[in-house]
Amino acid sequence: MFVFKRVVSVRGIIVPQCTSLSVRMFSACHCLTSPKRQSPYSSVDSERYSSLVKSVMSSRVSSQTPESLQAEDEHVFGPVVKAQTPSLSSSSGPKMRVPKTLHPFLHCQENPETDDLEQGPPARIALNRGQGRSSVPSVTRILQQTLSLDQIFYLERWRRKMIAELGEEGFKEYSQNLFRQGKLFHSALEDTLVSGGTQQNQSPSERPEYPTEVQGCMQSVSHILEDVRAVRAIESTVHHGTLNYLGIADCVARYRGVLCVIDWKTSEKPKPFLSNTYDNPIQVAAYAGALNNDSNYKYQVENGLIVVAYKDGSPGHAHQLKPELMQEYWKTWLVRLEEFTEQRSSHVSSAALEKR
DNA sequence: GGATCCTTCTTCTTCTTC
């Protein structure tokens with residue numbers, strides 16, 4: 001009966017008591033998008049269930065209330081993670097929504113593309129939160145707090161599924177291991193790139209020893225690292241002077257001769273397409289835009305690169321983001337930044353009201 | 001010295017039929 005009621009409510013026949021939450025969540029779980037499929041309810045004996053249909057369709061006799069529907073929603077989907085303005089954007093590619101203010105991706109200054117800048121060790125500007133930057137939001141925080149409803153839904157569904165399989169403790173351990181692997185992978189890359197381990201003339205004995213846990217990942221990206229040269233920055237803080245956000249870029253280097261902001265990722269699932277990387281391209285565009293507007297860096301970066309490594313050592317994927325695509329993702333980033341700022345200001349004003 | 005920050009990852013429909 002429960003399912004039947006839901007089907008009536010999502011086939012375009014409006015049940016008056018249906019909460020907006022129900023509609024939003026059904027939209028989120030894509031129940032509204034299967035026009036080609038024959039409804040499994042088409043074979044239902046409609047005469048036999050006519051009184052039931054009437055009771056569901058009638059606003060007078062229904063026993064449902066917004067409260068009971070919300071309780072049902074919570075039972076099926078879990079509690080609402082947080083209230084959020086639905087994003088028109090999708091995480092799988094450049095977004096449709098346009099930023100209110102189109103801040104330039106590149107800084108208007110001459111780009112001194114000289115070999116001099118490629119001499120010497122790579123920059124590594126440490127994050128210094130002490131110098132009046134304690135309230136400057138980070139790229140990761142902004143992206144996390146402006147996830148679309150779709151993303152929140154699928155992430156939450158995945159989390160619940162994993163907890164059902166592994167238990168709370170098991171899931172915690174699993175997540176910690178993933179983070180640990182990611183961190184070790186970053187450290188191994190750092191060691192490799194700083195010691196010039198991408199040079200083809202380097203013998204295996206000269207290459208750094210990697211922890212067992214990341215040997216597969218390093219093997220996975222070895223063919224990509226061969227094309228990485230002239231490392232200019234590693235794990236270096238970038239701060240956008242005008243937009244006032246910061247982050248730590250994994251690497252700035254030349255990939256196949258092109259200067260890129262590089263982001264290293266480990267993944268359990270194959271990610272052969274850029275669309276498999278969710279918000280990663282936005283993250284890269286955000287770092288590049290910050291770097292281009294950070295006086296600590298005397299050059300501009302127009303390209304991006306996302307490198308995905310696999311633990312089993314299978315060939316990793318390198319997703320290049322050319323300038324046109326970076327500009328598109330930059331716009332998406334500006335939208336997310338605007339959303340974050342709006343959230344923040346509404347939070348501040350409601351907190352001020354509460355104080356009164 | 002403790003607390004906090006930035007990262008590190010995680011998502012994308014699913015079943016039937018040939």
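Within every chain, numbering begins at 1; the chains are lettered A, B, ... in the order of the sequence lines, protein sequences first and strands thereafter. Everything quoted here is computed from the prediction, not taken from an experiment.
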(request) Starting from P on B:dT8, measure out to CG on A:Leu143 and report it in whole angstrom. (result) 11 Å
(message) If I take atom NZ in residue A:Lys161 and atom C1' in nucleotide B:dT10, what distance separates them, rounded to the nearest angstrom?
(response) 11 Å
(request) Indicate the ring-plane relationship of A:Trp264 and A:Phe185, choosing parallel, tilted or perpendicular according to the 30° and 60° boundaries. (result) perpendicular
(request) Counting heavy atoms from C-beta on, name the nucleotide in B:dC5, B:dT14, B:dT8 closest to the side chain of A:Leu127. (result) B:dC5
(message) List the residues meeting side-chain hydrogen bond (donor to acceptor under 3.5 Å, both in side chains) with A:Lys311, not counting sequence neighbours, and say none if there are none.
(response) none
(message) Taking ring-ring contact (aromatic ring centres under 6.0 Å, His included) as the definition, give me every residue that meets it alongside A:Phe340, ordered by chain and number, with sequence neighbours left out.
(response) none
(request) Could you tell me whether the side chain of A:Asp279 reaches within less than 4.5 Å of the side chain of A:Gln151, counting heavy atoms only? (result) yes
(request) Determine, answering yes or no, if A:Trp158 is stacked on B:dT11 under the 5.5 Å centre rule and the 30° plane rule. (result) no
(message) I'd like to check the ring-ring contact (aromatic ring centres under 6.0 Å, His included) partners of A:Tyr255; sequence neighbours left out, ordered by chain and number.
(response) none
(message) Quick one, A:Ile306 and A:Leu321 - any side-chain contact, counting heavy atoms below 4.5 Å?
(response) yes
(request) Please determine which of A:Tyr245, A:Tyr297, A:Tyr287, A:Phe105 meets the ring pair (Phe, Tyr, Trp, His ring centres under 6.0 Å) test together with A:His240. (result) A:Tyr245
(message) Could you check, using the six-membered ring where one of them is a Trp, whether A:Trp158 and A:Phe171 have ring centers closer than 6.0 angstrom?
(response) yes
(request) Please list, by residue number, the residues of residues 163-173 of chain A whose heavy atoms come closer than 4.0 Å to an atom of DNA chain B; answer none if no residue qualifies. (result) none
(request) Would you kindly give the CD1-to-P distance between A:Ile248 and B:dC5, to the nearest whole Å? (result) 13 Å
(request) Determine the contact category for A:Gln176: base if any of its heavy atoms lies under 4.0 Å from a base atom, sugar-phosphate if only primed atoms, P, OP1 or OP2 are that close, otherwise nothing. (result) nothing
(request) Please report, rounded to the nearest Å, how far the P atom of B:dT11 is from the CD1 atom of A:Ile282. (result) 17 Å
(message) Among residues at least two apart in sequence or on other chains, which ones pass ring-ring contact (aromatic ring centres under 6.0 Å, His included) with A:His317?
(response) A:Tyr310
(request) Using a 4.0 Å heavy-atom cut-off across all strands, classify A:Ser138 as base, sugar-phosphate, or nothing. (result) sugar-phosphate
(message) Under 4.0 Å, heavy atoms only, any strand: does A:Leu155 hit a base, just the sugar-phosphate, or nothing?
(response) base
(request) Would you indicate which nucleotide in B:dT13, B:dC9, B:dT7 comes nearest to any side-chain atom of A:Tyr287? (result) B:dT7
(message) Within residues 260-272 of chain A, which residues have any heavy atom lying less than 4.0 Å from an atom of DNA chain B?
(response) A:Asp263, A:Lys265, A:Thr266, A:Ser267, A:Glu268, A:Lys269, A:Lys271
(request) Just call it for A:Asp250: base, sugar-phosphate, or nothing, with non-hydrogen atoms closer than 4.0 Å on any strand. (result) sugar-phosphate
(request) Grab the CD-P distance between A:Gln181 and B:dT8 for me, whole Å please. (result) 13 Å
(request) For A:Gln144 and B:dT10, give me the distance from atom CD to atom P, rounded to whole Å. (result) 13 Å
